[in-house]
Amino acid sequence: MSRKVTDKAVVNRPARHVKTIIIGSGFAGLGLAIRLTEQGRRDYLVLERGGDVGGTWRDNTYPGAACDVPSQLYSYSFALNPNWSRSFSRQGEIQRYIQAVSQRYGVRDRHIFDCDVTSARWNNDRSVWEIESTQGSFTADTVVCAVGALCEPALPDIKGISEFEGEVFHSARWNHDADLTGKRVAVIGTGASAIQIVPAIAPEVDHLDIYQRTAPWLLPRYDRPYTTAERLAFQYVPGFQRMYRAGVYAARETQVLGLAKFPGLMRLFEMIAKGKLRHEIRDRELRAKVTPNFRIGCKRMLISNDYYPTLTRPHVDVVTDPIAEVRKNSIRTEDGTEREIDALIVATGFHVTDSPTYDTIVGRDGRTLSEVFDDSGQQGYKGSSIANFPNMFFLLGPNVGLGHSSMVYMIESQINYIADALATVDRMKLRTVEVRRDVQDAYNKDLQAKLAGSVWLTGGCSSWYLDKHGNNTTLWPDFTFEFRRMTKIFDVAAYDTSTFRADQEAVAP
Ligand code: NAP
């Protein structure tokens with residue numbers, strides 16, 4: 001179980017040196033911890049700010065929370081789960097899976113939970129990372145930042161919101177003590193979280209206002225419980241589950257053609273989505289309100305069978321007039337209408353390209369990751385390293401996100417790369433390893449050239465995929481097997497390296 005250090009114990013304690021520190025224990029950090037353990041390396045620690053593993057699946061406990069990637073693909077390849085109860089797993093089941101995997105692979109004792117990293121600073125003289133946390137100070141030869149992109153809730157900057165007197169909380173910080181039964185509730189946002197929350201809470205509330213800034217595209221959700229026969233087959237028929245998984249993977253991968261290469265193909269998805277909309281919303285006025293005005297795929301495509309039907313219920317309203325202000329117990333829109341509410345749910349997404357975490361990481365030249373990203377945009381190399389940040393690797397760094405398939409696949413590709421990087425550093429007795437600026441620049445030029453024709457840049461929307469320079473710095477613009485191929489082996493030639501002098505220890509002080 002977790003090794004918890006009390007606050008008292010850390011007072012005045014000297015920094016503890018660890019060879020590798022992994023920050024964050026979602027699918028990414030946990031997966032790397034398992035790989036290192038499997039390789040016989042126990043010289044690492046995972047610092048996790050929460051009280052358990054799971055990351056986004058631990059934090060997002062809102063009603064209706066579920067995955068929009070099929071269960072068979074949304075798991076580690078080395079720990080398939082024959083017991084998924086349905087084709088699209090719900091949050092609780094995924095969280096239990098992650099917990100079970102962390103137990104099975106015996107990595108929980110390498111975790112320090114409730115350990116919030118407040119800063120990570122590169123010390124050039126000693127070639128170590130100096131880390132401050134709520135559980136004391138650490139130094140590390142190498143840090144792997146696995147905090148994920150969807151971990152810092154973005155609260156909307158709406159006039160008066162802090163004056164609201166009722167319950168108010170973000171979708172990713174659901175207040176389970178707040179009873180919404182019989183209440184007048186407002187939801188701000190119509191993204192992936194909101195479209196799951198709305199149908200889940202609608203039956204219990206007295207009235208529901210949904211504040212929509214941009215109408216999302218919705219596709220059918222082919223969700224159903226697995227039959228007993230299927231579950232038995234997953235468990236006992238050799239190769240069946242792998243074949244099933246490969247089929248799901250291949251079907252998903254075809255979407256890359258439309259999303260990244262030939263956006264015109266996305267019209268096919270648009271036809272399906274429009275048919276669904278016509279079928280599920282008969283009222284022309286409401287249908288017009290929720291019809292998107294951009295090419296499907298430009299923002300994340302959402303899947304739901306109960307969102308549109310919920311919008312047609314008599315006690316549910318979609319409000320498209322922009323919000324002017326939040327008052328003590330109401331929301332006023334710019335057209336002057338004031339709607340009274342008892343509770344406010346902000347489903348407004350996350351700080352993705354402007355994560356506060358970036359302010360806490362200080363690189364070789366004394367600049368924070370935020371400052372580096374401010375100058376050059378959120379650029380990295382293979383999503384796994386960033387120039388100016390020696391001996392630091394990233395899981396889910398720039399341009400590894402997906403709009404169509406399982407992030408666990410991308411994470412496992414990166415784990416291959418980073419585990420090989422750590423092994424290379426040991427084998428070559430490297431003191432420092434830092435991606436070359438020219439290599440990173442060329443890599444990003446190529447990425448942006450590929451992205452230029454993608455639906456994310458040509459589809460006529462603004463989204464959290466884009467940074468403030470207008471570049472898509474979050475998504476991978478190609479087939480995922482291409483990413484797997486390019487991350488198979490750590491390409492040390494792409495890195496500036498230094499070795500230990502003869503009189504220096506290969507382990508930092
Ligand atoms: P999101 O996709 O960023 O959606 C945020 C919503 O809030 C959008 O509708 C946005 O409108 C709106 N919004 C933001 N600021 C606003 C403001 N100031 N005033 C009014 N509206 C505002 O966030 P999310 O729904 O939490 O989802 C984030 C990501 O999490 C998803 O894209 C997905 O990758 C992941 N996710 C996945 C699942 C899953 O099933 N696997 C479930 C939930 C979330 P605009 O569109 O106009 O910006």
Side-chain angles (χ1 to χ4, degrees), residues 26-27 55-57 59-71 73-75 86-91 93-95 148-161 169-174 186-200 209-219 221 223 252 290 292-294 297-305 307 318-326 331 333-334 344-355 396 400-408 410 456 459-466 474-476:
F27 259 112
T56 192
W57 294 105
D59 291 344
N60 282 272
T61 59
Y62 59 76
C67 189
D68 56 12
V69 174
S71 316
L73 200 54
Y74 204 76
S75 60
R86 49 195 313 120
S87 52
F88 285 87
S89 309
R90 297 184 177 155
Q91 176 267 337
E93 196 170 4
I94 298 174
Q95 177 61 6
L150 303 172
C151 63
E152 297 288 350
L155 297 170
D157 185 16
I158 297 174
K159 186 179 164 202
I161 198 163
F169 48 89
H170 189 274
S171 54
R173 300 286 181 272
W174 195 267
V187 173
I188 302 180
T190 51
S193 302
I195 63 119
Q196 295 182 334
I197 291 168
V198 162
D209 289 323
I210 301 152
Y211 286 84
Q212 171 191 284
R213 192 164 66 177
T214 311
W217 281 107
L218 255 68
L219 290 166
R221 183 180 180 89
D223 187 19
R252 290 259 154 176
V290 299
N293 59 1
F294 54 91
C298 183
K299 283 173 180 280
R300 189 178 176 91
M301 291 184 282
L302 309 182
I303 55 169
S304 173
N305 296 340
Y307 180 68
V318 178
V319 182
T320 52
D321 296 304
I323 298 172
E325 64 172 323
V326 175
I331 295 182
T333 44
E334 282 180 5
L344 174 57
I345 295 158
V346 285
T348 44
F350 299 86
H351 289 285
V352 178
T353 55
D354 59 347
S355 171
L396 302 175
V400 293
L402 299 177
H404 71 289
S405 190
S406 172
M407 281 311 299
V408 186
M410 299 300 273
W456 306 301
C461 76
S462 70
S463 72
W464 61 260
Y465 296 154
L466 310 183
T474 52
L475 295 189
W476 172 246

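Treat the numbers as computed from the prediction; the structure is a model and nothing was measured. Counting starts at 1 for both ligands and their atoms, in listed order.
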Which residue holds the protein heavy atom closest to [atom], what is that atom called, and what is the gap in Å?
{"atom": "atom 3 (O) of ligand 1", "answer": "Trp464 CD1, 3.3 Å"}
{"atom": "atom 30 (O) of ligand 1", "answer": "Leu150 CD1, 3.3 Å"}
{"atom": "atom 20 (C) of ligand 1", "answer": "Ile188 CG2, 3.5 Å"}
{"atom": "atom 41 (N) of ligand 1", "answer": "Asp68 OD1, 3.0 Å"}
{"atom": "atom 43 (C) of ligand 1", "answer": "Tyr62 OH, 3.3 Å"}
{"atom": "atom 46 (O) of ligand 1", "answer": "Lys299 NZ, 2.7 Å"}
{"atom": "atom 4 (O) of ligand 1", "answer": "Gly191 CA, 3.6 Å"}
{"atom": "atom 17 (C) of ligand 1", "answer": "Arg213 NH1, 3.4 Å"}

Under a 4.0 angstrom heavy-atom cut-off, which atoms of ligand 1 come close to [X]?
{"X": "Gly189", "value": "6 (C), 7 (O), 9 (O), 12 (C)"}
{"X": "Gln196", "value": "40 (O), 42 (C)"}
{"X": "Ala347", "value": "5 (C), 6 (C), 7 (O)"}
{"X": "Ala66", "value": "39 (C), 40 (O)"}

Nearest option to atom 9 (O) of ligand 1, as decided by whichever heavy atom of Leu302, Ile197, Leu402, Thr190 sits closest: Thr190
Per atom 1 (P) of ligand 1, closest listed option by heavy atom (Pro216, Gly401, Gly349, Ala154): Gly349
Can you tell me if Trp456 uses its side chain to pair, donor with acceptor, with the backbone of Gly297 under 3.5 Å?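 Yes, because the side chain of Trp456 sits within donor-acceptor range (under 3.5 Å) of the backbone of Gly297.
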Using a 3.5 Å cut-off on N or O atoms only, is [X] in polar contact with ligand 1?
{"X": "Pro156", "answer": "no"}
{"X": "Ala194", "answer": "no"}
{"X": "Trp57", "answer": "no"}

Rounded to the nearest 0.5 Å, how far does [atom2] of [Y] lie from [atom1] of [X]?
{"X": "Ile323", "Y": "Ile161", "atom1": "CD1", "atom2": "CD1", "answer": "7.5 Å"}
{"X": "Trp174", "Y": "Asn60", "atom1": "CH2", "atom2": "CG", "answer": "11.0 Å"}
{"X": "Ile303", "Y": "Leu219", "atom1": "CD1", "atom2": "CG", "answer": "8.0 Å"}
{"X": "Leu475", "Y": "Arg300", "atom1": "CG", "atom2": "CZ", "answer": "9.5 Å"}

Proximity of [X] to ligand 1 by residue part, where a heavy atom lies under 4.0 Å:
{"X": "Ala65", "result": "neither"}
{"X": "Ser463", "result": "neither"}
{"X": "Phe350", "result": "side chain"}
{"X": "Gln212", "result": "neither"}

With a 6.0 Å cut-off on the ring centroids, do Tyr62 and His170 count as close? no
Show the nearest heavy-atom pair for residues [X] and [Y], with the distance to one decimal.
{"X": "Glu152", "Y": "Ser355", "value": "CG-OG, 3.8 Å"}
{"X": "Gln212", "Y": "Thr190", "value": "CB-CG2, 3.7 Å"}
{"X": "Ala347", "Y": "Ala194", "value": "CB-CB, 3.8 Å"}
{"X": "Pro156", "Y": "Thr348", "value": "CD-OG1, 3.4 Å"}
{"X": "Ala66", "Y": "Arg221", "value": "CB-NH2, 3.4 Å"}
{"X": "Ser75", "Y": "Val408", "value": "O-CG1, 3.4 Å"}

Candidate pair Phe169 and Ile345, rule side-chain contact (heavy atoms from CB on, under 4.5 Å), full reasoning: CA-CA 5 Å; Phe169 48 89; Ile345 295 158; 4.0 Å; yes
